[in-house]
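Presented below is the structure to which this report refers.
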Amino acid sequence: MNINWNTELYCLIGDPIEKSLSPEIHNYIFNINNMNCNYMCFNVEDNNLKQVLDTFKILGIKGFNVTIPHKIHIMKYLDDIDEEAKLLGAVNTVKYVNGKLMGYNTDGAGFVKSLVDSGISIKGKKILILGAGGGSHAVSVKLAQSGVKKIIILNRTIEKSKQLAYNISNKFKNIAVEYDDLKSFSKYTDVDIVVNCTSIGMYPDTDEVPIDISIFSNKTVVCDIIYKPIKTKFLKNAEKKNMKIIGGMDMLINQAILSQKIWFSVDKNIAINIDEIKGFLHYSVE
Ligand code: NAP
């Protein structure tokens, strides 16, 4: 790394930010593309958020990512928010341009890209979403926007799945939306894709699964947005049944690539080898 007076700083703000993989992904992309940029993490407490954004403006920081707990609160401090982030109600990417902070969200698009890259078509498909937290919102809304036929949202706290289902059916009139308790999953086996958006199975509770996947047909595609571990027990169980599986690492890498496309304009040809990124992240995660 060759830092000089002209190096541009990009960063992640959140609390906590320990063990974030974002610096490894972004700095890899900067390095292989010979970009004079560096990516760092800053732990920012909620009561300092506004001050930090004002400082970023003064310093001319051109772009940054936002993680828990600021994805929603930050919206009130931004000068403009793109339609997709407004729809999701959360921002994970900010670009500083012409004196203004612009908010975007690349989480849902990162997930959908991981399906498309694996050759899975989404249009007209029936999707079962497990969980109704932040990750589930991003994934569900983007799937709705991408033309799926039906979305069923199951969550332990049924009020949250009801609220998310209500938001989606309000905005996407042509999509059938249902919600239920996570425990009722066995009623919903007629689906094409199942996505685990709960944190069940995440490190250190790697022996846990959100639902029994063996009741679904082996034509069902099974996704997990958890990336630690890279292959959750849920995915391992699906793999044993010869189901096609997609892990959360693809979404994580794709949302980072999409952030870079926002910072450096969509047309910039950024060379990326996703398998190489997965290769070195493997050592950070497992
Ligand atoms: P969140 O907003 O806190 O939501 C957590 C979800 O998991 C809620 O639906 C919660 O249900 C459910 N849940 C947690 N523990 C449960 C349990 N014991 N039994 C049943 N349900 C349980 O978290 P998030 O931000 O959506 O993140 C969820 C997971 O996705 C995390 O592992 C995170 O690392 C991962 N993620 C990955 C990416 C990526 O780029 N790959 C992006 C975002 C998130 P209740 O509502 O009932 O509490």
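Each ligand, and each atom within it, is numbered from 1 in the order the structure gives.
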Tell me whether G134 has any N or O atom under 3.5 angstrom from an N or O of ligand 1. yes
Minimum-distance pair of heavy atoms, taken over all atoms of T206 and K233: O-CB, 3.5 Å
Shortest non-hydrogen contact between T220 and M243, atoms and distance: O-CB, 3.5 Å
Any nitrogen or oxygen of S199, side chain or backbone, less than 3.5 Å from one on ligand 1? yes
Taking atom CG as the centre, does N4 end up with more than 12 heavy-atom neighbours from other residues, nucleotides or ligands that are less than 6.0 angstrom away? yes
With only distance considered, is D107 within less than 3.5 Å of ligand 1 through an N or O on each side? no
Please state which option from E159, K71, R156 has its nearest heavy atom closest to atom 17 (C) of ligand 1. R156
Closest contact, heavy atoms only, I226 versus I200: CD1-O, 3.3 Å
Sort and list the pairs that fulfil ring pair (Phe, Tyr, Trp, His ring centres under 6.0 Å) and have at least one residue in residues 11-36, not counting sequence neighbours. Y10-F30, H26-Y39, H26-W263, Y28-F280
Are more than 12 heavy atoms from other residues, nucleotides or ligands located less than 6.0 Å from atom NZ of K100? no
Ligand-residue contact atoms, ligand 1 with C197, heavy atoms, under 4.0 Å: 28 (C)
All pairs passing ring pair (Phe, Tyr, Trp, His ring centres under 6.0 Å) where residues 48-95 contributes a residue, at least two apart: F56-F64
In this structure, atom 12 (C) of ligand 1 is nearest to the protein heavy atom T198 CB, 3.8 Å
Ligand 1 and G248, any nitrogen or oxygen pair closer than 3.5 angstrom? yes
Can you list the ligand 1 atoms lying under 4.0 Å from a non-hydrogen atom of L252? 40 (O), 41 (N)
Do D107 and N92 have side-chain N/O donor and acceptor atoms under 3.5 Å apart? yes
Among the heavy atoms of N155, does any lie under 4.0 Å from an atom of ligand 1? yes
Short N/O distance, under 3.5 Å, between M251 and ligand 1? no
Note: I168 and A144 closest approach over all heavy atoms is CG2-CB, 3.8 Å
Which residue holds the protein heavy atom closest to atom 26 (O) of ligand 1, what is that atom called, and what is the gap in Å? G135 N, 2.7 Å
Ligand 1 atoms nearer than 4.0 angstrom to some heavy atom of I226 are 32 (O)
Regarding Q145 and K142, is there a side-chain donor-to-acceptor distance under 3.5 Å anywhere? yes
Looking at K76, I want to see if its NZ is surrounded by more than 12 non-hydrogen atoms of other residues, nucleotides or ligands under 6.0 Å. yes
Closest to atom 4 (O) of ligand 1 among A132, G108, G133 (heavy-atom distance): G133
Atoms in ligand 1 with a heavy atom of K160 nearer than 4.0 Å: 45 (P), 46 (O), 48 (O)
When you compare ligand 1 with Q255, is there at least one nitrogen or oxygen pair between them that comes in under 3.5 angstrom? no
Quick one: nearest non-hydrogen protein atom to atom 19 (N) of ligand 1, plus distance? I200 CD1, 3.4 Å
Counting non-hydrogen protein atoms only, what is the nearest one to atom 33 (C) of ligand 1? Give residue, atom name and distance. M202 SD, 4.3 Å
Does an N or O from T157, backbone or side chain, lie closer than 3.5 Å to an N or O of ligand 1? yes
Quick check on atom 46 (O) of ligand 1 - does any protein heavy atom sit closer than 4.0 Å to it? yes
May I ask you to check whether I225 has an N/O atom sitting below 3.5 Å from an N/O atom of ligand 1? yes
I want to know if ligand 1 touches G131 in the polar sense, i.e. an N/O pair below 3.5 angstrom. no
Does F264 share a hydrophobic cluster with L12, counting links as ILVMFWY side-chain heavy atoms below 4.5 Å and allowing steps through other members? yes
What is the minimum heavy-atom distance between I72 and A90, and which atoms define it? CG1-CB, 4.3 Å
